[in-house]
Amino acid sequence: NMEIVFPRLFFAGNRLLGERVENVSRTLGDLRGIFADVDAFSRMPQNILAYEVSSFLPEQEGTPGGLYFGITYLHPGKVGNEYFMTKGHFHANIDRAEFYWGLEGEGMLILMDQLRRVWAERVFPGSLHYIPGGVAHRMANTGNTLFSFAACWPSDAGHNYREIADHGFAARLLEVDGKPQLIGV
Ligand code: F6R
Ligand code: ZN
């Protein structure tokens with residue numbers, strides 16, 4: 001008789017539950033330096049929650065051939081006229097790709113290749129986004145409600161936050177006349 005087992009992982013409310021699940025939260029204070037309007041940023045409470053990531057990491061970090069899965073919950077808000085967004089990163093193994101897909105709320109996926117060319121894709125429940133290797137990625141919440149999305153990436157991708165922390169993206173997603181616009185810097 002072959003064994004039938006309970007799944008290793010499941011959703012409980014808005015969180016993943018199971019072994020090898022990691023939950024990370026980022027406050028506004030953790031995002032210092034990523035927004036253009038430094039004065040507006042300094043006037044805001046630094047302890048408010050910007051986003052949370054619940055990840056299932058079934059393999060040891062760096063394992064070739066494995067996959068990771070995560071859900072990000074990005075809260076609505078703006079710093080000046082710039083939408084709340086994730087830090088953004090290249091993968092440390094720069095050629096590693098990733099899937100993102102929209103779950104709830106509305107947002108924008110901001111992408112930048114190694115020549116610093118920037119483009120963006122609308123994200124909504126059911127939208128699917130393939131991020132090729134060599135492309136930095138960041139999400140912004142362009143709505144007034146919680147924006148959540150899922151991600152699947154290789155367990156040997158790693159994260160290079162340094163490049164974006166030092167040089168940023170070559171464009172910013174700003175609200176202009178009530179609508180998101182990608183503005184070159
Ligand atoms: C993993 C990935 C996502 C992000 C998450 C938070 O490679 O792209 O799971 O890690 O959306 O964004 P960052 O990591 O840029 O703070
Ligand atoms: Zn990534």
Side-chain angles (χ1 to χ4, degrees), residues 9 11 14-16 20-35 41 46 48-77 79 82-114 118-125 127-143 146-173:
L9 182 77
F11 289 91
N14 262 352
R15 291 291 168 277
L16 296 173
R20 294 183 164 270
V21 168
E22 178 196 270
N23 293 294
V24 173
S25 31
R26 300 265 177 248
T27 63
L28 200 55
D30 293 326
L31 303 180
R32 175 172 298 279
I34 76 169
F35 296 101
F41 183 87
Q46 301 296 299
I48 61 168
L49 206 51
Y51 60 96
E52 293 160 278
V53 189
S54 192
S55 304
F56 177 47
L57 312 170
E59 308 283 357
Q60 200 85 262
E61 169 102 56
T63 303
L67 293 173
Y68 285 167
F69 176 84
I71 301 184
T72 302
Y73 302 90
L74 178 52
H75 292 271
V79 177
E82 192 169 18
Y83 301 101
F84 276 15
M85 59 186 175
T86 59
K87 286 184 179 185
H89 56 268
F90 285 99
H91 290 152
N93 279 318
I94 193 141
D95 67 350
R96 298 304 192 267
E98 181 163 4
F99 276 117
Y100 273 3
W101 61 101
L103 294 175
E104 61 184 320
E106 53 184 281
M108 202 78 83
L109 171 59
I110 307 163
L111 300 158
M112 181 176 74
D113 68 16
Q114 291 175 86
V118 177
W119 67 104
E121 295 179 10
R122 286 178 190 285
V123 185
F124 49 87
S127 68
L128 177 63
H129 309 267
Y130 179 66
I131 303 161
V135 174
H137 39 286
R138 151 183 286 170
M139 283 286 219
N141 185 342
T142 54
L146 185 71
F147 170 49
S148 69
F149 60 94
C152 183
W153 69 101
S155 46
D156 64 352
H159 295 98
N160 170 7
Y161 290 103
R162 189 76 267 156
E163 185 62 28
I164 298 303
D166 289 350
H167 305 292
F169 274 62
R172 293 183 172 279
L173 193 70

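Note that these values count all heavy atoms, side chains included, but never hydrogens, waters or copies made by symmetry. Every number for a ligand or one of its atoms is a count from 1 in the order of the listing.
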(message) Test your reading of the model: is there a side-chain donor-acceptor pair from Tyr68 to the backbone of Glu61, 3.5 Å cut-off?
(response) yes

(message) I'd like to know if the side chain of His137 reaches the main chain of Val135, judged simply by a donor and an acceptor atom lying under 3.5 Å from each other, with no hydrogens or angles considered.
(response) yes

(message) Treating Arg138 as the side-chain partner and Thr86 as the backbone partner, does any N or O pair qualify as donor plus acceptor under 3.5 Å?
(response) yes

(request) Report, in ascending order of atom number, the atoms of ligand 1 lying under 4.0 Å from any heavy atom of Tyr161. (result) 13 (P), 14 (O), 15 (O), 16 (O)

(request) Return yes if some donor-acceptor pair links the side-chain N/O of Gln46 with the main-chain N/O of Phe41 below 3.5 Å, else return no. (result) yes

(request) Would you mind running through ligand 1 and noting each atom that sits below 4.0 Å from a heavy atom of Thr72? (result) 5 (C), 11 (O)

(message) Could you check whether Phe149 and Tyr100 have their ring centres less than 6.0 Å apart?
(response) yes

(request) Could you say whether the N/O atoms of His91 and ligand 1 ever approach to under 3.5 Å? (result) yes

(message) Any side-chain to backbone donor/acceptor pair from Asn141 onto Gly143? Under 3.5 Å, distance only.
(response) yes

(message) Counting only nitrogen or oxygen atoms and a 3.5 angstrom limit, does Gly88 reach ligand 1?
(response) yes

(request) For this output row, return yes or no: ring centroids of Tyr130 and Phe99 closer than 6.0 angstrom. (result) yes

(request) Of all N, O or S atoms in His91, identify the one at the shortest distance from the Zn ion (ligand 2). (result) NE2

(message) Does only the side chain of Tyr100 get under 4.0 Å from ligand 1, or the backbone, or both, or neither? Count heavy atoms.
(response) side chain

(request) Any atoms of ligand 1 less than 4.0 Å from a non-hydrogen atom of Phe149? List them with their elements. (result) 11 (O)

(request) Verify the distance test for His137 against the Zn ion (ligand 2): any N/O/S atom under 2.8 Å, yes or no. (result) yes

(message) I'd like to know whether ligand 1 has Tyr51 as a neighbour, heavy-atom separation below 4.0 Å.
(response) yes

(message) Can you see whether Tyr73 has Arg15 sitting over its ring - NZ or CZ less than 6.0 Å from the centre and within 45° of the normal?
(response) yes

(request) Of the side chain and backbone of Glu98, name the one, both, or neither that has a heavy atom under 4.0 Å from an atom of ligand 1. (result) side chain

(request) Distance to 0.1 Å, residue and atom name: give those for the protein heavy atom nearest to atom 10 (O) of ligand 1. (result) His89 CE1, 3.7 Å

(request) Carefully, step by step, assess Ser148 and Glu104 under the rule side-chain hydrogen bond (donor to acceptor under 3.5 Å, both in side chains). (result) CA-CA 5 Å; Ser148 69; Glu104 61 184 320; 3.0 Å; yes

(message) For the metal site, I want the angle between atom OE1 of Glu98 and atom NE2 of His89 with the Zn ion (ligand 2) at the apex, to 10°.
(response) 170°

(message) Suppose I only count heavy atoms of His137 and a 4.0 Å limit; which atoms of ligand 1 are within that range?
(response) 8 (O)

(request) Heavy-atom contacts with Thr86 under 4.0 Å: which atoms of ligand 1 show up? List them by number with element. (result) 12 (O)

(message) Using a 4.0 Å cutoff against the non-hydrogen atoms of His159, which atoms of ligand 1 qualify?
(response) 1 (C), 7 (O)

(request) On the 0 to 90° scale, with breaks at 30° and 60°, tag the Phe11-Phe69 ring pair as parallel, tilted or perpendicular. (result) perpendicular

